[in-house]
2 protein chains.
Amino acid sequence: MNIGEIAKRSGVARSTVSYALSGKRPVSETTRRRIQAVIDELGYQPNASAKALKEGRTRTIGLVIPPAGRRLTDMQLGFVASVVDAAARADLDVLLSPSGGEHDRSFERMVGGRRVDGVILMEIRLEDDRVTRLRQSGLPFVGIGRTDRPDEMSWVDLDYETLISRCVHHLADLGHRRVALVNRAGDLLAAGYGPAHRARAGFRRAVAERGIEGVEACCADDARAGVSCVGQLLADHPGLTAIATVNEAAMPGMYRAIEGAGLAVPADFSIAGVAGRHWAENLHPPLTAADVPADELGAHAVDLLVRCISDPAAHHRLLLAPPISLRGTTGPARPRP
Amino acid sequence: MNIGEIAKRSGVARSTVSYALSGKRPVSETTRRRIQAVIDELGYQPNASAKALKEGRTRTIGLVIPPAGRRLTDMQLGFVASVVDAAARADLDVLLSPSGGEHDRSFERMVGGRRVDGVILMEIRLEDDRVTRLRQSGLPFVGIGRTDRPDEMSWVDLDYETLISRCVHHLADLGHRRVALVNRAGDLLAAGYGPAHRARAGFRRAVAERGIEGVEACCADDARAGVSCVGQLLADHPGLTAIATVNEAAMPGMYRAIEGAGLAVPADFSIAGVAGRHWAENLHPPLTAADVPADELGAHAVDLLVRCISDPAAHHRLLLAPPISLRGTTGPARPRP
DNA sequence: TTGTAGGCGTTATCAA
DNA sequence: TTGATAACGCCTACAA
C-alpha cells in the first residue's frame with residue numbers, strides 16, 4: 001500500500017494525498033474526507049524509509065548500550081528505560097546498538113548508514129573511540145557520562161567525585177576515622193571508565209581533607225564479589241568502621257559479608273553510597289545514599305540530544321549531584337567488637 | 001557522501017560502485033581497487049534509508065517491550081539483552097517500542113511505517129491487541145509468550161504450568177502438605193497475562209494430583225511486596241510450610257519475611273520457584289528453582305523470527321521446560337515452631 | 001483548490 | 001567489463 005494507490009482510489013493526485021496528510025497546503029474539506037475514508041479503509045501509513053530518504057532525517061535516535069556480555073546494572077537499566085520512554089514521548093524511535101570499545105558493526109551501521117538523527121552513548125570511558133568516531137561523522141550525540149575532554153561534547157553525568165566526597169564527609173562527621181571505598185570492577189577502572197576514576201578522586205580528596213585513613217578496593221559488579229571483597233576488607237583492616245561505595249550491584253553481598261562478620265548496621269558498621277533510589281530503598285536495611293535519578297538522566301539526555309539535533313553547533317552539558325538521603329545505614333563510629 | 005560522489009571521483013558509473021560493493025556482478029580488479037581506495041578515503045557507507053526503500057526491507061527487527069511505567073524484571077532484562085545480542089550477531093538492528101495494551105504511536109509507526117522486517121513481542125497477554133494488529137499487517141512476528149490461541153502465531157515460551165507443577169510435586173515429595181503459590185501481581189493476572197494464569201493452572205493441577213492443600217496469593221513485582229505478601233501468608237496459615245513462586249522480583253522480600261517470622265530456610269520452611277539462573281544463584285541462600293534460560297530464549301526468538309521472515313507462511317514454536325536445579329532452599333517438611 | 005514533475009540515494013535491468 | 005536509466009515511495013516547488 002502506497003500513496004499512489006490511495007491517490008488512485010480517491011481520484012486525486014499523489015501530492016493531494018500528501019498535503020491532506022501533512023496539512024502543508026489547504027485541501028478542500030470534501031476531498032480531504034474522501035481521501036481520509038480511503039486511508040482508513042486500507043489502513044495506509046507512509047513508508048518510513050521513503051520519508052526518511054526524502055526528508056533527510058529518520059526521526060530515530062540511536063542508543064549505544066554496553067554489550068550484553070557484562071550484564072547491565074539496575075542503574076543502567078534505568079537509563080535505558082527512561083531514554084526509551086522519553087524518546088517515545090517526543091515521537092522518536094530508538095535504535096539499539098550493543099557496542100563496546102572496538103569497531104563494532106552495529107555501531108558502524110548506525111552511524112555510517114545514517115540510520116539515526118543523533119546518538120546517546122552510555123558508559124563512556126575517559127578516552128573513547130566511539131566519541132572520536134561520532135565527532136568525525138558530524139552526527140549529533142550526547143553522552144551519559146563524559147570523557148576526559150568534557151568540553152568537546154554534550155553530556156549529562158553524575159558528579160561521582162562530589163557524591164563520594166560527600167559520603168566520606170558524612171562518615172567523618174559521624175566520627176569514622178578509617179573508611180573504605182568499594183569501587184566498581186578493576187577492569188572498568190583499568191579501561192578508564194569515568195565514574196570509577198572520579199569516585200576514586202573524590203574519595204582521595206575527602207580523605208585528605210578530613211585527615212582520615214582511606215582504603216581502596218575494586219569489586220566486580222555482582223553480589224558474590226561484594227561478599228568476598230568486603231570479607232577481605234574486614235579481615236585486613238580491623239580498624240575499619242565504614243564503607244563508601246558506588247558499586248550498586250555488589251551491595252547485597254556487602255551487607256551479607258558485614259552480617260557474616262557479626263557486625264550490625266549501623267550500630268557496628270556504617271555504609272553510604274551512590275545508587276538508584278529504587279535499589280537503595282529495597283535493600284535491607286535501606287541504604288543511606290545519593291539517589292541517582294536515572295529517570296531524569298535519560299529524559300535529560302533525550303532533551304539535550306533533541307537540542308543538539310536542531311542546532312548541531314551547540315554543546316549542552318548537565319552535571320547532577322543529588323543530595324544524600326539518610327535511610328539508616330550510617331551511625332556514630334564505634335570500635336569494632 | 002553518496003554513491004554518486006564515489007563514482008565521480010573513481011571515474012566510473014554509480015552502478016559500478018554498487019556492484020563493486022555488493023559483488024553481484026564481476027568488476028575488474030583494477031577498478032575495484034580504485035573504487036575501494038576512494039571509499040576508504042572518504043569513509044563512504046551506503047545510506048540505509050535509500051537501501052531499504054530500494055530493497056523493500058530494512059534489516060531491522062522491532063522489539064516491543066513493556067512500557068517503562070512498570071520496571072522490568074531481571075528476567076525481562078535478560079530477554080532484551082539476549083535479543084539485542086543475537087540480532088547483532090545476525091547483523092540485524094533492533095528498534096525498540098515501549099508499548100502496552102492500547103494503541104501506541106511508537107508501535108504503530110513501527111508496524112504501519114514498515115520500519116522493520118519483523119517484530120518480537122514481549123509480555124503477551126492471553127488476548128492481545130498487538131497480536132491482532134500484527135496479524136492483519138502481515139508483518140512476521142514472534143511472541144515471547146503466547147496468547148490463548150497459540151496455534152495462530154509463532155512463539156517461544158516457558159512452560160510455566162509444568163514448571164510450577166514440578167515445584168509443587170518436589171515439595172510434596174518432601175512431605176509438605178500445605179503449600180502456597182506466590183504469583184505475579186494481581187493486575188497482571190487480571191489483565192490476562194499468560195505466565196500468571198498458567199502458573200496458577202499448574203499449581204492447582206499439582207495440588208489436586210497430590211491431594212495437598214494449596215493457598216494462592218498475588219504479589220506485586222518488588223521486594224517490599226514480597227515482605228508483606230509472605231508475612232500475611234505466614235500469619236493466616238499456621239500450617240503452611242512451603243512456597244512455590246514465579247515472582248522473581250519479590251523473592252528477596254519473601255526471604256526477609258520468612259526470616260522475620262523466625263523461620264530458617266530450608267530447616268523450617270521451603271521455597272522453590274522459577275527464576276533466572278543469575279538471580280537464583282545470587283539470592284542468599286541460593287534458590288532451588290527452574291532456571292529460566294533467558295539468553296537462549298532471546299536467541300531462539302531471533303532465530304525463529306529470521307525463519308518467519310524468509311518464509312512468512314510458516315509458524316514456528318518452542319516451549320521450554322528447564323529442569324529444577326536443587327540449590328538448598330527446599331528440605332523435608334517439619335511443623336512450624 | 002489541485003495536478004505535474006523532479007529528486008532524495010540505492011539497486012538492478014538493459015545495452016553496449 | 002562497464003554505463004545509462006528506471007524504479008522504490010515520498011515530499012514539494014512550480015504550474016495551472
Side-chain angles (χ1 to χ4, degrees), chain A residues 1-36 38-39 42-60 93 109-117 137-139, chain B residues 1-36 38-39 42-60 93 109-117 137-139:
Chain A
M1 189 48 43
N2 59 33
I3 200 172
E5 188 68 17
I6 303 295
K8 196 187 298 174
R9 302 212 192 192
S10 315
V12 297
R14 301 204 313 270
S15 57
T16 305
V17 177
S18 178
Y19 285 120
L21 241 30
S22 71
K24 293 191 179 171
R25 182 168 96 171
V27 173
S28 80
E29 187 54 24
T30 44
T31 46
R32 206 198 58 70
R33 268 222 265 278
R34 199 166 64 241
I35 291 170
Q36 192 59 51
V38 176
I39 286 177
L42 302 191
Y44 165 75
Q45 211 170 324
N47 178 297
S49 299
K51 196 166 186 159
L53 175 58
K54 175 63 185 163
E55 295 190 334
R57 63 174 172 180
T58 60
R59 293 176 188 283
T60 304
D93 289 315
R109 278 198 302 270
M110 198 169 83
V111 177
R114 314 233 66 126
R115 301 203 52 145
V116 298
D117 299 336
S137 82
L139 209 55
Chain B
M1 190 47 46
N2 59 32
I3 200 172
E5 188 68 17
I6 302 294
K8 195 187 298 174
R9 303 213 191 191
S10 314
V12 298
R14 300 203 311 268
S15 55
T16 304
V17 176
S18 177
Y19 285 119
L21 241 32
S22 72
K24 293 189 180 173
R25 183 168 96 171
V27 172
S28 80
E29 188 55 24
T30 43
T31 45
R32 205 197 57 71
R33 268 220 266 276
R34 198 167 65 240
I35 292 170
Q36 191 58 54
V38 176
I39 286 177
L42 302 189
Y44 164 75
Q45 212 171 324
N47 178 295
S49 299
K51 196 166 186 158
L53 174 58
K54 177 62 185 160
E55 296 190 329
R57 63 175 171 180
T58 59
R59 294 178 188 279
T60 304
D93 290 315
R109 278 197 303 269
M110 197 169 84
V111 177
R114 316 236 57 129
R115 301 203 53 146
V116 298
D117 299 336
S137 81
L139 209 55

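Each chain gets a letter, A, B and so on, in the order the sequences are listed, and its residues count up from 1. Since we're looking at a predicted model, the values are computed, not measured.
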D:dC10 P sits how many Å from B:R115 CZ, rounded? 14 Å
Looking at B:K51, I'd like to know whether one of its side-chain N or O atoms comes within less than 4.0 Å of OP1 or OP2 on C:dG9. no
Below 4.0 angstrom, N of the basic side chain to O of the carboxylate: do B:D117 and B:R59 qualify? no
With respect to the side chain of B:Y44, which nucleotide from D:dC10, C:dT10, C:dG3 is positioned closest? C:dT10
Select one nucleotide: of C:dT10, C:dT13, C:dG7, the one nearest the side-chain heavy atoms of A:K54. C:dG7
Please tell me if B:T16 has a side-chain N or O lying less than 4.0 Å from either OP1 or OP2 of D:dG3. yes
Closest of C:dT4, C:dT11, C:dT2 to the B:S18 side chain is C:dT11
Rounded to the nearest Å, what distance is computed from the NZ atom of residue B:K8 to the C1' atom of nucleotide D:dG3? 16 Å
Separation of atom CZ in A:R32 from atom C1' in C:dT2, rounded to whole Å: 16 Å
By nearest nucleotide on DNA chain D, pick out whichever of B:A50 and B:T30 is the more 5' one. B:T30
Ignoring hydrogens and angles, are the base of C:dT2 and the side chain of A:R25 linked by a donor-acceptor pair under 3.5 Å? yes
When you check the phosphate oxygens OP1 and OP2 of D:dG9, does a side-chain N or O of A:N2 lie under 4.0 Å from one of them? yes
A:I39 has an atom CD1; how far is it from atom C1' of D:dC10, in whole Å? 13 Å
D:dC10 phosphate, OP1 or OP2, under 4.0 Å from A:Y19 side-chain N/O: no
What do you reckon, is CZ of B:R33 surrounded by more than 12 foreign heavy atoms closer than 6.0 Å? no
Whole angstrom is fine here: how far is it from CD1 in B:I6 over to P in C:dT11? 12 Å
N/O (side chain, A:S15) to phosphate O (OP1/OP2, C:dG3) under 4.0 Å: no
Write down the distance between CG (B:L53) and P (D:dA6), rounded to a whole number of angstrom. 17 Å
What's the spacing between B:K54 NZ and B:S49 OG if we round to 0.5 Å? 15.5 Å
In whole Å, what is the span from the CD1 atom of B:I35 to the C1' atom of D:dT1? 11 Å
Measure CD/A:E5 against P/D:dC10 and give the value in whole Å, please. 11 Å
Has B:T31 got a side-chain N or O lying under 4.0 Å from the OP1 or OP2 atom of D:dT2? yes
Does a donor on one side chain sit under 3.5 Å from an acceptor on the other, for A:R115 and B:T60? yes
Counting side-chain heavy atoms from CB outward, which of D:dT1, D:dT2, D:dG9 is closest to B:P26? D:dT1
With heavy atoms under 4.0 Å as the rule, sort B:G11 into base, sugar-phosphate or nothing. sugar-phosphate
